[in-house]
Amino acid sequence: MNALTVLYANELREAGILVNAVDPGHCATDMTGHTGDRSAAEGAAVAVRMATAQGSGPTGTFACEDGPLPW
């Protein structure tokens with residue numbers, strides 16, 4: 001996933017398309033048996049932030065709620 005994120009980010013940069021990966025954290029959903037310490041809405045916040053970033057936003061990154069994470 002990391003390699004695809006960087007590959008697509010590089011390929012689509014000139015078209016103005018931003019590509020990033022996000023980590024929503026451990027969310028209480030059916031998939032986790034509702035054991036997560038975050039709600040699905042809280043986990044979605046980082047995805048929404050990255051999806052609505054404007055043209056000068058980050059691309060080719062891996063981010064969580066606290067910001068970019070090292071690959």
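Worth saying up front: this structure is predicted, and the values here are computed from it rather than measured.
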Peer 1: Only distances under 3.5 Å count here; give the side-chain donor-acceptor pairs of residues 10-18 to other protein atoms, sequence neighbours excluded, each with its distance to 0.1 Å.
Peer 2:
{"residue": "N10", "atom": "OD1", "partner": "R13", "partner atom": "NH2", "Å": "2.9"}
{"residue": "N10", "atom": "ND2", "partner": "V6", "partner atom": "O", "Å": "3.3"}

Peer 1: What I'd like to find out is whether the side chain of P24 reaches to under 4.5 Å of the side chain of E42, using heavy atoms alone.
Peer 2: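 Counting from C-beta outward, P24 and E42 never come under 4.5 Å.
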Peer 1: Search all heavy atoms of S39 against all heavy atoms of C27 and return the closest pair with its distance.
Peer 2: O-SG, 3.7 Å
Peer 1: One pair to check against side-chain contact (heavy atoms from CB on, under 4.5 Å): V22 and F62. What are the steps and the verdict?
Peer 2: CA-CA 5 Å; V22 298; F62 178 46; 5.9 Å; no
Peer 1: Look at atom OH of Y8 and say whether more than 12 heavy atoms of other residues, nucleotides or ligands are closer to it than 6.0 Å.
Peer 2: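 No.
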Peer 1: Taking N20 for the side chain and M50 for the main chain, is one N or O donor matched with an acceptor at less than 3.5 Å?
Peer 2: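 Looks like no, no N/O pair under 3.5 Å.
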Peer 1: Name all pairs fulfilling the salt bridge (Lys or Arg N to Asp or Glu O under 4.0 Å) condition that reach into residues 52-71, sequence neighbours left out, sorted by first residue then second.
Peer 2: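 For residues 52-71: R38-E65.
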Peer 1: Strictly distance-based, threshold 3.5 Å: is any side-chain N or O of T61 a donor or acceptor partner for the main-chain N or O of P68?
Peer 2: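 Checking the backbone N and O of P68 against the side chain of T61, no donor-acceptor pair under 3.5 Å is found.
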Peer 1: I'd like to know if V19 and L7 are part of one continuous hydrophobic network [Ile/Leu/Val/Met/Phe/Trp/Tyr, side-chain heavy atoms within less than 4.5 Å].
Peer 2: yes
Peer 1: Might you point out which heavy atoms bring T59 and A9 nearest each other, and give the distance in Å?
Peer 2: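 Nearest heavy atoms, T59 then A9: OG1-CB, 3.4 Å.
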